[in-house]
Amino acid sequence: MRLLSRIASLADISPITGGGNCRLALTPEDGHGRDLVVGWMRELDLDVSIDVVGNIIGTWSCASGSPVMTGSHIDTVRTGGRFDGNYGVLAGLEVIQSLKDAGITPSRPLAVGIFTNEEGARFAPDMLGSLVYVGGMSVEEALDVVAIDGARFADELQNIGYNGPNPCPGPTPHAFVELHIEQGPVLESIGYRLGTVTGVQGISWQELTISGQSNHAGTTPMSMRKDPAYVAGRIMVFLRDLATRYGAPQVCTVGKIDLVPNLVNVVPSTATMTVDIRNTDEATLQRAETELSDFLALISGEENVSISTRTLARFEPVIFDERVVGIIDNVCASFDVPAHRLPSGAGHDAQMFARVCPTAMIFVPSIKGISHNPAELTDDVDLTLGADVLLHTMLRLASTTFTTASKS
Ligand code: GLV
Ligand code: MN
Ligand code: MN
């Protein structure tokens with residue numbers, strides 16, 4: 001089947017052991033992935049536009065008016081699976097190609113977006129391209145972002161040739177719907193093949209830099225140390241305990257830590273670590289941030305180190321448009337496959353579009369709930385079912401008049 005074979009072809013670009021991909025945003029590998037998908041957009045006779053932060057929009061201008069937009073991302077984390085993001089983009093192309101093949105013309109244009117740097121693994125914040133598209137971040141600020149490897153966003157965008165002419169903010173779609181793998185265990189564990197996504201939890205990312213005193217590991221008495229590695233360890237334990245105290249849906253993650261000089265017999269001079277805190281409730285998320293900040297003050301005093309913090313990303317929880325959620329539920333019911341309503345644990349481009357137009361998402365299950373891992377997997381039949389639901393959702397959105405911008 002065309003969709004499945006396109007997923008496989010895209011996964012052939014920069015494969016990694018275990019079946020996944022490494023296409024960090026704006027690397028040459030990301031560029032090769034873009035070239036492949038843009039080629040498919042052109043084969044489909046879509047109008048392809050590229051904007052100043054590299055977002056690619058392929059539009060089937062089959063009618064007048066603002067388009068119903070779908071889309072996602074094709075950048076990956078360093079240990080990415082083949083479905084995260086890629087599935088939503090390629091399913092969007094499949095929707096258009098299937099409608100064209102069937103001779104069905106929707107009552108509005110349909111558009112498929114590939115949004116730059118959704119993952120945020122190389123450049124922070126995550127969802128950067130869609131954030132700039134909807135006017136949530138200035139183009140200048142985005143172009144100046146520096147990657148974890150020291151590269152500048154604007155330079156890397158130019159190097160892959162995707163510094164397009166179209167301005168941001170981009171044109172507001174009539175509605176936005178994103179199809180994505182769940183990336184968690186919920187749907188599989190309750191035996192549902194489809195999920196209607198009610199919103200996205202809030203995300204708080206910080207980088208902490210802990211500065212102490214580098215010294216000899218054998219000669220420096222424990223009582224005289226200013227050890228950033230020890231402090232980093234205490235912060236990790238604190239975050240795990242905080243998540244346990246709060247209970248689900250609170251999650252806390254330390255995903256990246258760098259010690260300098262990183263040697264067996266040297267007390268480090270600095271530890272740089274990231275903290276990812278998420279919750280569906282904004283007040284609780286803020287409480288967790290305050291607790292962390294208080295703990296940093298306490299532990300830095302105890303160990304006599306200094307800690308500086310930098311916000312990498314901060315997005316409040318998002319609630320999707322009840323009307324779009326209802327349309328997706330109805331489409332699923334028309335397939336005789338019930339959908340389970342759930343919030344998303346992962347960030348998505350759709351959460352940015354929710355700021356400007358009626359928006360929601362469709363999930364299909366992830367086997368064993370594994371994602372951001374090359375072992376990420378979804379059944380072929382579920383991938384196909386999700387694309388069918390996307391097609392009918394886009395058709396219904398095209399013929400729906402949204403009289404107010406309100407959400408629910
Ligand atoms: C994006 O994939 C995120 O939720 O971290
Ligand atoms: Mn994704
Ligand atoms: Mn991801």
Side-chain angles (χ1 to χ4, degrees), residues 7 10-11 14 16 20-25 29-30 33 37 55 70-92 112-131 148 176-186 195 197 199-207 249-256 274-280 285 311-318 342-354 359-366 369-378 383 386 390:
I7 290 172
L10 184 50
S14 70
I16 56 172
N21 289 100
C22 177
R23 285 196 306 273
L24 288 165
E29 294 75 27
D30 182 18
V37 182
N55 296 315
T70 189
S72 195
H73 60 99
I74 62 168
D75 69 316
T76 72
V77 296
R78 201 189 300 284
T79 52
R82 56 176 56 197
F83 303 102
D84 178 359
N86 306 310
Y87 170 51
V89 170
L90 299 178
V112 182
I114 300 173
F115 300 101
T116 301
N117 187 55
E118 189 274 349
E119 292 291 4
R122 187 172 182 224
F123 298 94
D126 48 350
M127 286 83 68
L128 184 149
S130 45
L131 180 65
I148 54 170
F176 188 94
V177 57
E178 179 173 354
L179 173 63
H180 207 284
I181 55 165
E182 181 200 340
Q183 306 182 271
V186 175
V197 186
V200 180
Q201 67 179 345
I203 302 175
S204 168
W205 283 1
Q206 293 182 64
E207 181 185 74
Q250 182 63 56
V251 286
C252 300
T253 307
V254 172
K256 184 171 186 294
T274 57
V275 175
D276 175 320
I277 307 178
R278 307 193 196 197
N279 200 299
T280 47
L285 187 54
T311 300
L312 299 176
R314 182 65 168 86
F315 300 117
E316 291 188 13
V318 171
L342 75 172
S344 171
H348 295 291
D349 294 305
Q351 78 188 82
M352 298 309 165
F353 279 90
T359 297
M361 293 182 69
I362 305 158
F363 273 174
V364 291
S366 291
I370 290 176
S371 188
H372 283 184
N373 179 326
E376 181 180 277
L377 193 61
T378 294
L383 293 170
L390 178 66

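We count ligands from 1, going down the list as the structure has it; atoms in each ligand are counted the same way.
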Query raised in the report: Can an N, O or S atom be found in H372 less than 2.8 Å away from the Mn ion (ligand 3)?
Result: yes
Taking the Mn ion (ligand 3) as the apex, OE1 on E119 and OD2 on D84 give an angle, to 10°, of 130°
Over 60° means perpendicular and under 30° means parallel, so classify the ring planes of F353 and F176, tilted if in between. parallel
- prompt: Is H372 close to ligand 1, meaning an N/O of one under 3.5 Å from an N/O of the other?
  reply: yes
For the Mn ion (ligand 2), the nearest N/O/S atom on H73 is atom NE2
Keeping the roles fixed (side chain from N55, backbone from G129), state whether a donor-acceptor pair exists under 3.5 Å. yes
Here the atoms of ligand 1 under 4.0 Å from any heavy atom belonging to A346 are 4 (O)
| Backbone of N373 reached by a side-chain donor or acceptor of E376 within 3.5 Å | no
Atoms of ligand 1 under 4.0 Å from any heavy atom of E119, numbered from 1 in the order shown, are 1 (C), 2 (O)
Between the side chain of S14 and the main-chain N/O of N21, is any donor-acceptor distance below 3.5 Å? no
- Determine whether any heavy atom of R278 lies closer than 4.0 Å to an atom of ligand 1. yes
With nothing but distance in play, are any N or O atoms of I203 less than 3.5 Å from an N or O of ligand 1? no
Paired with V37, the side-chain contact (heavy atoms from CB on, under 4.5 Å) test is passed by just one of I74, V112, N86, namely I74
All heavy atoms of R23 vs all of L10, minimum pair found to be NH1-O, 3.1 Å
